Number of protein chains: 2
Amino acid sequence: MAKGSGRISEAVIRRLPRYYRYVRELMQNGVTRVSSAELSKRMGLTASQIRQDFNCFGEFGQQGYGYNVEELYEHLTRILGLDKKYHLIIIGAGNIGQAIANYTDFEKEGFIIDSLFDINPRLIGLSIRGIEIRDVEQLGTFLQDHPIDIAVIATPKSKAQEVADNAVKYGAKAIWNFAPVDIAVPADVAVENVHLSDSLYTLSFKIRELKGE
Amino acid sequence: MAKGSGRISEAVIRRLPRYYRYVRELMQNGVTRVSSAELSKRMGLTASQIRQDFNCFGEFGQQGYGYNVEELYEHLTRILGLDKKYHLIIIGAGNIGQAIANYTDFEKEGFIIDSLFDINPRLIGLSIRGIEIRDVEQLGTFLQDHPIDIAVIATPKSKAQEVADNAVKYGAKAIWNFAPVDIAVPADVAVENVHLSDSLYTLSFKIRELKGE
DNA sequence: TAGATTGTTAATCGATTAACAATC
DNA sequence: TAGATTGTTAATCGATTAACAATC
């Protein structure tokens, strides 16, 4: 099977952004080369695993040398699809929706927020960083004129599946869901469920566990 | 080895909050019993895995009957440590810090936010939902008088490790980190790194993958 | 060249799934 | 009782780690 064409396991996918972060950091610090052994020490993984992971996508290193940091960074950028631009909308302009809209780092990475949507008349018409909050009723009309890649779901859980379905119907290729419910999507749509409360509960679990109860 | 005392794998821990959510939903819908087969269909897991997972913590079911929903919910609540109260502080009162402070659901679950902290003089002295924003310089003094369980890190990444260290020094048992850097903590402290950008990058990865590129 | 480190195969480990006796 | 479904053991699968030949 040709490199880069095989199905990548979820475990590997989860590690990719971490590699990207660590290698970017090295690059920013002016480091020009790194071995899997050095990276393994920094990241708390085995060198073996790092080499296996990279080799899912190609041969990025050189025997006796290691990896060229800049090259590796470029590979990871491309693998993650971060060499492209993505158009987003945020559905739900409450706390989370606004926090994401205000977070400028995503835009620097090529994730462009085209609009927010909400059901609340007091919010509709306002802008966040110049991004207009529109009536969620206009979602379909808007998407017909402005094709998007990613719909961010930041509604209460009761509306989450419905607005996600709508976004998919109008061409969204991915759902980034912050509502505390698992969103179901067709097989050709990507979904990431970010469950903040789940994350918090694992902390209370671990606190209890560490206390030895 | 006695039930409930063995080391629980990370994979099981990640599924626990999901079980909790689904079982709570069943309970709220008035369902009184559920079999592992029914739950498996709803959650997209195998019935075998569900039974294995539950049996890490005890024997919650009954042959020929299944699981009593209310009992199972109580077990999961206790397992996750959600039968207790937790005191939190939020360090960094920017977008994410404020969004979390405004999110009232956590409080309902027993996670009490005692204070926010920031470095910005314009924010210090303000309140969010009655929770005061204090000068981050006062973190140590505050924690000496108000012991906390969880420190939420919502600072820029350059300050994240430093404020986490400080929180741990003054008795924090867990770190909930939203800064885009991996926080290191002693072995007796729990940590959850919530990397929103990592999550977003897996979406761009998957979009590319689904397109078959 | 000699030393270093990769890419890759083989071995190990752990997690998931299947099977089924126990029992409600 | 007969049917259903658990708890648990055994089998399978996949992911991680170890080892090492290839090679820079």
Side-chain angles (χ1 to χ4, degrees), chain A residues 1-16 18-19 22-23 26 31-76 79 202 205, chain B residues 1-16 18-19 22-23 26 31-76 79 202 205:
Chain A
M1 175 158 50
K3 285 279 170 57
S5 74
R7 189 106 196 88
I8 306 298
S9 79
E10 193 66 22
V12 173
I13 296 175
R14 297 271 148 223
R15 284 192 293 269
L16 289 173
R18 264 190 98 217
Y19 290 130
Y22 277 82
V23 172
L26 287 174
V31 178
T32 55
R33 77 179 174 112
V34 69
S35 67
S36 58
E38 286 170 312
L39 207 48
S40 96
K41 210 156 62 172
R42 281 172 186 269
M43 297 186 64
L45 305 171
T46 64
S48 215
Q49 180 164 63
I50 292 171
R51 294 201 301 278
Q52 289 273 27
D53 284 354
F54 289 171
N55 279 296
C56 293
F57 302 100
E59 303 180 11
F60 302 158
Q62 197 163 78
Q63 281 101 329
Y65 174 87
Y67 299 88
N68 177 290
V69 169
E70 204 165 326
E71 262 180 45
L72 185 54
Y73 176 73
E74 274 159 27
H75 280 301
L76 288 166
I79 289 165
T202 64
F205 174 86
Chain B
M1 178 156 52
K3 286 278 171 57
S5 73
R7 189 107 196 87
I8 306 299
S9 78
E10 193 67 22
V12 174
I13 296 175
R14 297 273 149 221
R15 284 192 292 270
L16 288 173
R18 265 189 97 216
Y19 290 130
Y22 278 82
V23 172
L26 287 173
V31 179
T32 56
R33 77 178 174 114
V34 69
S35 67
S36 56
E38 285 168 314
L39 208 47
S40 97
K41 208 158 61 174
R42 282 172 185 267
M43 296 186 65
L45 305 171
T46 64
S48 216
Q49 180 165 63
I50 292 171
R51 294 201 300 277
Q52 289 273 26
D53 284 354
F54 290 171
N55 278 298
C56 293
F57 302 99
E59 304 181 10
F60 302 159
Q62 197 164 79
Q63 282 100 328
Y65 174 85
Y67 299 88
N68 177 290
V69 169
E70 204 166 327
E71 261 180 45
L72 186 54
Y73 176 74
E74 274 160 27
H75 281 301
L76 289 166
I79 289 165
T202 62
F205 174 87

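A quick note: this is a predicted structure, and the numbers were derived from the prediction, not measured. Here is the naming used below: chain letters follow the sequence lines, and residue numbers restart at 1 for every chain.
Surrounding CZ of B/R14 are more than 12 heavy atoms belonging to other residues, nucleotides or ligands, all under 6.0 Å away.
Look at CZ on B/F57: it is 16 Å from C1' on D/dG7, rounded to the nearest Å. In this structure, the CD atom of A/E38 is 7 Å from the P atom of C/dT5, given to the nearest Å. One atom, CD of A/Q63, and another, C1' of D/dT23, lie 5 Å apart when rounded to the nearest Å. The separation between A/Y65 atom OH and C/dG7 atom P is 13 Å, rounded to whole Å. Protein atom CZ of A/F54 is 15 Å distant from nucleotide atom P of C/dT8, rounded to whole Å. Taking atom CG on B/N55 and atom P on D/dT5, their separation rounds to 16 Å, with Å as the unit. Taking atom CZ of residue B/F60 and atom P of nucleotide C/dT23, one finds them 19 Å apart after rounding to whole Å. The CD atom of A/E59 sits 13 Å away from the C1' atom of D/dC24 (whole-angstrom rounding).
Side-chain nitrogen and oxygen atoms of A/S36 include none within less than 4.0 Å of the OP1 or OP2 phosphate oxygen of C/dT5. Using a 4.0 Å cut-off, no side-chain N or O of A/Y67 falls inside it from OP1 or OP2 of D/dC24.
The shortest side-chain heavy-atom distance between A/Y19 and A/L72 does not fall under the 4.5 Å cut-off. Using a 4.5 Å cut-off on side-chain heavy atoms (C-beta onward), B/L45 and B/R18 make contact. Between A/L76 and A/Y22, every side-chain heavy-atom pair lies at or beyond the 4.5 Å cut-off.
Ring pair A/F60/A/H75 is parallel by interplanar angle, where below 30° counts as parallel and above 60° as perpendicular.
The residue from B/R51, B/Q49, B/Q52 that alone fulfils the side chain to side chain donor-acceptor pair (under 3.5 Å) condition with B/S36 is B/R51.
Using N1 to N3 plus N6-O4 or O6-N4 for Watson-Crick, or N1-O2 and O6-N3 for G-U wobble, each under 3.5 Å, D/dA15 pairs with C/dT12. In a base pair of the Watson-Crick type (N1 to N3 plus N6-O4 or O6-N4) or a G-U wobble (N1-O2 and O6-N3), with each distance short of 3.5 Å, D/dC20 is matched with C/dG7.
The two residues B/S40 and B/A47 make their nearest non-hydrogen contact at CB-N, 3.4 Å.
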Pairwise N/O distances under 3.5 Å, protein to nucleotides 14-18 of chain D:
unit_1, atom_1, unit_2, atom_2, d
D/dT16, OP1, A/R15, NH1, 3.1
D/dT16, OP2, A/R15, NH2, 3.1
D/dT16, OP2, A/Q49, NE2, 3.4
D/dT16, O5', A/Q49, NE2, 3.0
D/dT17, OP2, A/T46, OG1, 3.0
D/dT17, O4, A/Q52, NE2, 2.5
D/dA18, N7, A/S48, OG, 2.6
D/dA18, N6, A/S48, OG, 3.3

